[in-house]
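Notes for the one structure printed next.
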Amino acid sequence: MAYRTIITGLGHYVPERVVSNNELAEVIDTSDEWITERTGIKERRWFKPGFDRTSNMGTKAALMAIENAGLIPNDIDFIIFATLSPDYNFPGCGVLVQKELGIKEVGALDVRTQCTGFVYGVSIADQYIKTGMYKTILVIGSEIQSNVFDLSDKGRDLAVIFGDGAGAAVLQVCEDENRGVLSTHLHSEGQYAEELCLLEPGSRHAKRIDMETLTEENGIWPYMNGRQVFKHAVVRFVQIINEALEANGLKPEDLDLIIPHQANLRISEAVRAHFELPKEKFYNNIQKYGNTTAASIPLALSEAWREGKVKEGDLICLASFGSGFTWASTLIRW
Ligand code: UT7
């Protein structure tokens, strides 16, 4: 019997605080016009310190997904948590969600591939489900990024783009061979590791937390070579979508919906133009949330599903590119 993996529940959570471009322009040398034109973003969410954590935002999204799947937390066999902004250096957020949900002693794994974390998570879950190892897996993407912005001119490109949020999916085994995850495709190119990164605090120093090594030069702020990331993103998004289509003998016009990682509306538009697909086949919610890194795809998928844009039988492509560099895709027959 060949097993397939299907998504049976989706959920998301965003912090209450809405930060508009105009509000940002009061503290950073930028403007609503610049941000809208270069990124498509109109507003983003910022977490509430003392209330929101990467782990508990993930828990809230997960609870929605579990309920949506008609399950209870203890039905989960394995937890995968993708984030670049964990609550602690260690342990990871997966075990924190396990604690918050009161889930029995199942395995919990954190994924550290940044913007592609959720798609990598789906790929890992798919392998476990296809081999029969687990039947019900929770995959979460959650990020708090607003507390690490350099609000000077040097850091403004990152500060205007990134936001906070969480999304989650429940993946389950299915015996209908015509449905579910058709394939997953994962890549990375470590030579660009430092083109989008946050270096401090890191374990390469004699003392991991040492006030003398926590300097601007060492990298206490995230760094992004925006133009370089942009150029690679456009090429890799096209490649990773094509790879998924070719692996399944399908064509771009067979797709019902592409949910790209919400990196920049201009990147999504360039990729859409390449495939000559109509606007309604590309889902974007970056306008409301900015780039939420590992949370962006599950957050977009959960909203698209709630808006009725993901229907049974549809061919859905999730595609992502980001820090690492890493890029990844999956094709799902819903
Ligand atoms: O999650 C995946 C990883 N991230 C991405 O995919 C992001 C990829 N990169 C981008 O989205 C774009 O490169 C940015 C949105 C970050 C920047 O847009 P850009 O069109 O590449 O702008 P730029 O860096 O080439 O800068 C153009 C100008 C510069 O001024 P001069 O030198 O032309 O006078 C910048 O100093 O815009 C200036 N600038 C800003 N101005 C106002 C840069 N950031 C800002 C800002 N507000 N926030």
Side-chain angles (χ1 to χ4, degrees), residues 19-44 82-85 111-120 141-146 148-165 167 187-190 192-198 221-241 259-272 282 284-287 289-300 318-329:
V19 178
S20 68
N21 291 346
N22 284 329
E23 189 180 337
L24 268 188
E26 286 169 19
V27 278
I28 305 175
D29 182 15
T30 189
S31 65
D32 175 40
E33 195 190 357
W34 191 96
I35 302 170
T36 307
E37 193 184 299
R38 303 281 177 138
T39 71
I41 300 165
K42 295 301 290 180
E43 59 190 36
R44 72 286 293 140
T83 188
L84 59 63
S85 51
V111 173
R112 297 291 308 269
T113 58
Q114 303 69 247
C115 305
T116 55
F118 182 79
V119 182
Y120 266 70
S142 179
E143 304 284 6
I144 288 178
Q145 309 186 97
S146 59
V148 71
F149 294 151
D150 167 9
L151 300 178
S152 75
D153 278 7
K154 244 167 62 198
R156 63 184 172 171
D157 50 349
L158 283 125
V160 302
I161 285 191
F162 290 99
D164 305 338
H187 295 279
S188 54
E189 202 173 19
Y192 298 110
E194 281 84 21
E195 297 294 331
L196 177 46
C197 59
L198 174 58
W221 304 115
Y223 166 78
M224 176 170 77
N225 182 345
R227 287 187 197 180
Q228 177 88 315
V229 175
F230 195 107
K231 276 196 306 205
H232 283 253
V234 173
V235 173
R236 296 307 192 185
F237 265 113
V238 168
Q239 285 177 354
I240 200 74
I241 294 168
I259 301 197
H261 163 52
Q262 306 290 298
N264 179 325
L265 197 58
R266 278 163 55 218
I267 295 178
S268 295
E269 279 296 303
V271 178
R272 187 182 69 77
F282 250 75
N284 292 298
N285 63 2
I286 192 170
Q287 299 89 335
Y289 304 125
N291 178 337
T292 57
T293 306
S296 99
I297 288 188
L299 175 52
L318 311 181
S320 191
F321 173 87
S323 160
F325 292 151
T326 60
W327 58 106
S329 69

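What you see is a predicted model; the values in this text were computed from it and never measured. Both ligands and their constituent atoms are indexed starting at 1 by order of listing.
- Using the six-membered ring where Trp is involved, W327 and H187 have ring planes that are parallel, under 30° apart on the 30 and 60° scheme.
- Using cut-offs of 30° and 60° for the angle between ring planes, the F325 and H232 rings count as tilted.
- Summarising the geometry of G165 relative to A295, their closest heavy-atom pair is O-CB, 3.3 Å, with the distance given to 0.1 Å.
- Remark: Q239 pairs with R236 by the side-chain hydrogen bond (donor to acceptor under 3.5 Å, both in side chains) rule, at least two apart or across chains.
- The 4.0 Å heavy-atom shell around ligand 1 contains residues D29, T30, W34, R38, T39, C115, R156, D157, V160, I161, L196, M224, G226, R227, V229, F230, H261, A263, N264, R266, I267, N291, F321, ordered by chain and number.
- Judged as a side-chain hydrogen bond (donor to acceptor under 3.5 Å, both in side chains), and not counting sequence neighbours, Q228 has no contacts.
- Here salt bridge (Lys or Arg N to Asp or Glu O under 4.0 Å) pairs that include residues 149-162, with residues two or more places apart or in two chains, are D29-R156, K154-E216.
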